[in-house]
Every structure is written in C-alpha cells, then in structure tokens.
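It should be emphasised that the depicted structure is a prediction, and the values quoted were computed from it without experimental measurement. Every number for a ligand or one of its atoms is a count from 1 in the order of the listing. Heads up: numbering here begins at 1 and tracks the sequence.
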Amino acid sequence: MADYTFYTNPMSRGQIARWALHEAGAEYDQVLVDWQAKPAAFLAVNPMGKVPTLVHHAEGEDRTVTEAAAICLYLAEMHPEANLLPSDAEMADYYRWTFFAAGPVEQAIVSRALKFEPSPEQEGMAGWGNFDRTIGTLDGHLSGTAWVCGNRFTMADVYVGSAVDWGLNFGILPPLPSFAAYAERCQARPAYKAAKAIDNALIAEMKK
Ligand SMILES: N[C@@H](CCC(=O)N[C@@H](CS)C(=O)NCC(=O)O)C(=O)O
C-alpha cells in the first residue's frame, strides 16, 4: 500500500491536491469518486463527501486530511526533503496568502460564479468584502513578487497558484499581467505538468 490514499475526481479541486502530492514526491493510491455513487470508505473518512480527501497511512495510524489548503500544507510538513516549507522569514507570507486564497479569494470567485455580490451593507460581514477588494489585494501582492514568499517556490504557491490558474481558466479572474505571469510560472513546474497530465487524461477518458 502506498503512503497515501487520495480520493479525488479529475474535474474538481482534487487537481490542487494532486499537484501538491507531486511537488512533495509522495507515493499515493488514487480512488476516483463518482458523485452519484460515493464509496462507503470515502464517506466514512469524510462525511462531507467532498474531494480532495487524503488518508495518510502513517506509522501506527491512519490520518485523514480534508480541505485542499490543509492537504497542501500537511504534505509540505510530511515531506520536508521537498523543500516546500517556509523559512522563518517566509512564514508570514506563507500562511497569510494561503489562508487569503482559501478564504477571501475562494469566496470571491465562487460568489461571482454563483452570481452573488454582497451589498455595501453586507460587505462588513462578508470575509472577502467584495470581489474587487479581494482581487485587487491579491494583484497587489503578486505584482511585486515572483512567488508568494518571494523568490522561492513554496507549497503556498500550489494553493494560491491553483486559485489563480482556475480563476483565469474559468474567466472569473481578470487577466491582469500579475496573474497571467504567475500562472505561467506555476504551469512551468514539472510537478504541475505531471499532475495535470494525469487529470486531463482522466477527463478525456470520462468524456469518451
Ligand atoms: N473546502 C473544500 C471544498 C471541496 C469541494 O467543494 N469539492 C467539490 C469538488 S471541487 C466536491 O467534492 N463536490 C462534490 C459534492 O459536494 O458532492 C476544499 O477546499 O477542498
């Protein structure tokens, strides 16, 4: 058995976790989840029935991690040899922008896709304020840096890069120069290419 069981669907946020698994150099067995027939073993470890879900077969115990951002950061911790963890100086950016992407950016993108925009009165309660505030803030950061933490790729880039890549592909993020250049840098990573090749082949298979 591989170290990890990875529950995924190729047309899902599972793509984020697969990229993270490849960056970490982790050995995994995949289980493809059919939305109409979710496996009992999957629902037992994640009653939310959401992918990605990762089970780490660690020494003496199985550990379940859900939420794509948590999976990314967990894998960086479990595979320090992959050099994806932040130094002390990089840690503020690492956590700040990963959580910014998992909260405000995700909410801004999804709410726009669902055609919900908070009214000015609702913005104070909405964690993302509004679409322009969130996206402008992300643009501000990515305009001044090659990677989330500066000149070095870290696991934060798998999560933030996936949000930017996905948002651009779906035409929800504006094609700003900072986003386009950052997405291009992410797409050049060998682990990104390897992971996407697997998901794209699975998607092509599903469409046959
Ligand atoms: N907060 C979760 C969201 C995961 C999620 O919504 N996954 C979707 C696919 S992208 C899913 O599993 N949908 C199936 C369902 O809800 O039944 C994360 O960040 O991983």
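- The salt bridge (Lys or Arg N to Asp or Glu O under 4.0 Å) contacts involving residues 194-208 comprise Arg18-Asp199, Glu205-Lys208, where partners must be two or more places apart or lie in separate chains.
- The distance from atom CG of Leu142 to atom OG1 of Thr137, rounded to the nearest 0.5 Å, is 11.0 Å.
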I'd like the atom pairs linking ligand 1 to the protein - N or O on both sides, separation under 3.5 Å - with distances to 0.1 Å.
unit_1, atom_1, unit_2, atom_2, d
ligand 1, 1 (N), Glu67, OE1, 2.5
ligand 1, 6 (O), Arg13, NH1, 3.0
ligand 1, 6 (O), Lys50, NZ, 3.2
ligand 1, 7 (N), Val51, O, 2.8
ligand 1, 12 (O), Val51, N, 2.9
ligand 1, 16 (O), Lys50, NZ, 2.9
ligand 1, 17 (O), Lys38, NZ, 2.7
ligand 1, 19 (O), Ala68, N, 3.4
ligand 1, 20 (O), Ala68, N, 2.9

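- The salt bridge (Lys or Arg N to Asp or Glu O under 4.0 Å) analysis of residues 66-83, with sequence neighbours excluded, yields no pairs.
- Pairs of residues two or more places apart, or lying in two chains, that qualify as salt bridge (Lys or Arg N to Asp or Glu O under 4.0 Å) and include a residue from residues 152-177 are Glu90-Arg152.
- Taking all atoms of both residues into account, the shortest heavy-atom contact from Gly49 to Leu43 is CA-CD2, 3.7 Å.
- Residues His57 and Asp62 have side chains that bring a donor and an acceptor to within less than 3.5 angstrom of each other.
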